[in-house]
Q: 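Encoded as structure tokens, here's the structure I'll be asking about.
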Amino acid sequence: MKIFVCIKQVPDPNTASNKLDPATKRLVRTGTSLVLDPGDESTISAAIKLKNTVGNSELIAVSMGPASAQEATRRALAMGVDRAILVTDPALAGSDAIGTARVLAAVLKKEGADLIFCSTESTDGYTGMVPGGIAEFLGIPQLTFAREIKIEGSKAVIKRVIPKGYQTVESTLPAVVTVASGSFDAIYPTMKGIMGAKKKPFSQMSLADLGIDAALVGEAGARERVLTIGKAEARAAGQIIKDDGNAAQKIADFLQRYQLL
Amino acid sequence: MTNIIWVLVELDNGTPVRSSLEVLGKAAKLGRAEAVVLGAAAADVAATLGTYGAEKVYVHADAVYDQYLTLPAVETLSSLLKRHNPAALLLATTYDLRDIAARLSVRNNAGLITDATDLAFGDDGLKVSVPWGGENVVTVTHPYQGTGIVLTRPKAFGLEQYEGRTAEIEQINTSVSGAAQVIKVIETIEVKSEGPDLEEATVVVSGGRGLGKPENFHLVEDLAGALGGAPGATRAIVDAGWLPYSYQVGQTGKTVKPTLYIAAGISGAIQHLAGMKGSKYIIAINKDEHAPVFSVADLGIIGDAVNILPQVTQEVKRRKA
């Protein structure tokens, strides 16, 4: 079985402030440290666990981004992914979610994927539209918000999180599965894994390699346009105090004053 | 020319989901609102949608939409959009509707804007407001011909009543193809949690990394219990596996707008603030005086949530007694 996991390099959510560049109207990705999306670590862990249950399979990470995104794929390899593919091309800058889905789907089609893992959404753009877009480009089902994943014969069966509980859902393969964050314990790279990652196969692809028309992706292909960037309304400043041992009294007083008790 | 705005109305156990009705009310303010409702109970529901703003309802009363996820709705909507070409299709951001929106935008080559908090029609089409980070709101448009798809942020709009309005009903008679019946629902289990639902609660107490370890989360639950509220969590501790996704408050989890929100040991990542900034009163407890959460707090306590939470719980119980 060929199992894929789609991953993304993002500005470190612990340090970045998700700033927009007023000139390009894009997310600022310079001057901030870039990391493998923390949500993807959980997704990669889910993919590794599944791979270990089905046997005789290969797990491949695929990403789209600048050449520097190889760092993120290297971490995936260190965690236990077998090989990695990075699609990088200057014409991809400014791609929207559907442009990204188009590119990733082209790689997956070329490779012949049986099962594709994605995080529910990235930790920078947050649209959550890429997995469904990939599934539609490939004409295959998508099983979303999975907290448990099993392969039963030629079917994928997942338990998915829903607002009021959970749901068991099945579909044919190939399929795209999105993983609900926090459902799978993260696998941390070992020293051996980190050393071994450097020897694992890594390949780069361009739009030409995938036969994609540059007009369909990047800023040229985006179906949405940012017109203006305005300021959000700020909340009025509150009272900030140091805990001097009376914090509980202060909080209870606040609750009483606004009739919240 | 009046703009025609479509809203896909989601059903849960045969009743329309509130978030869809809120979006329908917004659509009715923007132009002529038309609803699409799909599912076994669609016919019964359709008759009630006029009072929420719909002037017309496209109805397909077929259980296939309840038994199979995403694809039947995408197939039907895709052909309806091609035939009628409304200016926009609005969907509330829910688990199932976002799956539908993603596929539909690819199938119909339609622009797709997510996390909208406001919409308006200008001379050159639909303008959509999308909050970005803590500081900005961007205005986005669909620059091309054809229907623009917009997913709206939960609780962005209130419920509107259009007394006496009766919607024209149009039955859809096509049947869903076999190819669209592949994501099959085997069973649905409702998990009843104690206390109020996180999204409906008037008090929410949430915890983050500052709690130190998963075993301390009960301190959050204890205070939530004492205040008759619901416990919530940050994405960081959900990603770390402390709690299931259902607890997550934030842009990608649940959007909450309670009367009182207490953030305990939460630094205030933008993605978290996006999900709770609309709360009426916010109390924040954090060790780091520079934590961004203090910028939205009405009362901020610089201190250790692990020490302070149990004292607050005790004090609340004492004053309530």
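Numbered from 1 within each chain, the chains take letters A, B, ... in sequence-line order. Values in this document were obtained by computation on a predicted structure and should not be read as measured data.
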Q: Counting C-beta onward and ignoring hydrogens, is there a side-chain heavy-atom pair between Arg235(A) and Ile282(B) closer than 4.5 Å?
A: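 Of all side-chain heavy-atom pairs linking Ile282(B) with Arg235(A), at least one is under 4.5 Å.
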
Q: At a heavy-atom separation under 4.5 Å, does Leu69(B) approach chain A through its side chain, its backbone, both, or neither?
A: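 Contact with chain A: side chain only.
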
Q: Which answer fits Leu227(B), side chain, backbone, both or neither, if we ask what part of it has an atom under 4.5 Å from a heavy atom of chain A?
A: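 Leu227(B) touches chain A through side-chain heavy atoms alone.
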
Q: Chain A heavy atoms under 4.5 Å from Leu198(B): which part of the residue, side chain, backbone, both or neither?
A: neither

Q: Sort Lys280(B) into side chain, backbone, both or neither according to what part of it lies under 4.5 angstrom from a heavy atom of chain A.
A: backbone

Q: Less than 4.5 Å to any heavy atom of chain A: does that hold for the side chain of Ile285(B), its backbone, both, or neither?
A: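 Contact with chain A: side chain only.
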
Q: Report which part of Ile140(A) has an atom under 4.5 Å of a heavy atom belonging to chain B: side chain, backbone, both, or neither.
A: backbone

Q: Between Pro143(B) and chain A, which part of the residue has a heavy atom less than 4.5 Å away: side chain, backbone, both or neither?
A: both

Q: Tell me, for Leu112(B) versus chain A, whether the close heavy atoms (under 4.5 Å) come from the side chain, the backbone, both or neither.
A: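 For Leu112(B), heavy atoms of backbone and side chain both lie under 4.5 Å from chain A.
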
Q: Thr141(B) versus chain A, heavy atoms under 4.5 Å apart: side chain, backbone, both or neither?
A: both

Q: Give, as side chain, backbone, both or neither, the part of Thr70(B) having an atom under 4.5 angstrom from any heavy atom of chain A.
A: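 For Thr70(B), the contact with chain A is made by the side chain alone.
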
Q: Under 4.5 Å from any heavy atom of chain A, what part of Thr114(B) do you find: side chain, backbone, both or neither?
A: side chain

Q: Under a 4.5 Å heavy-atom cut-off, does chain A meet the side chain of Asp12(B), its backbone, both or neither?
A: side chain

Q: Measure distances from Gln314(B) to the heavy atoms of chain A and classify the residue's part below 4.5 Å as side chain, backbone, both or neither.
A: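 Contact with chain A: none, neither part.
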
Q: Using 30° and 60° as the class boundaries, would you call the ring planes of Tyr245(B) and Phe145(A) parallel, tilted or perpendicular?
A: tilted

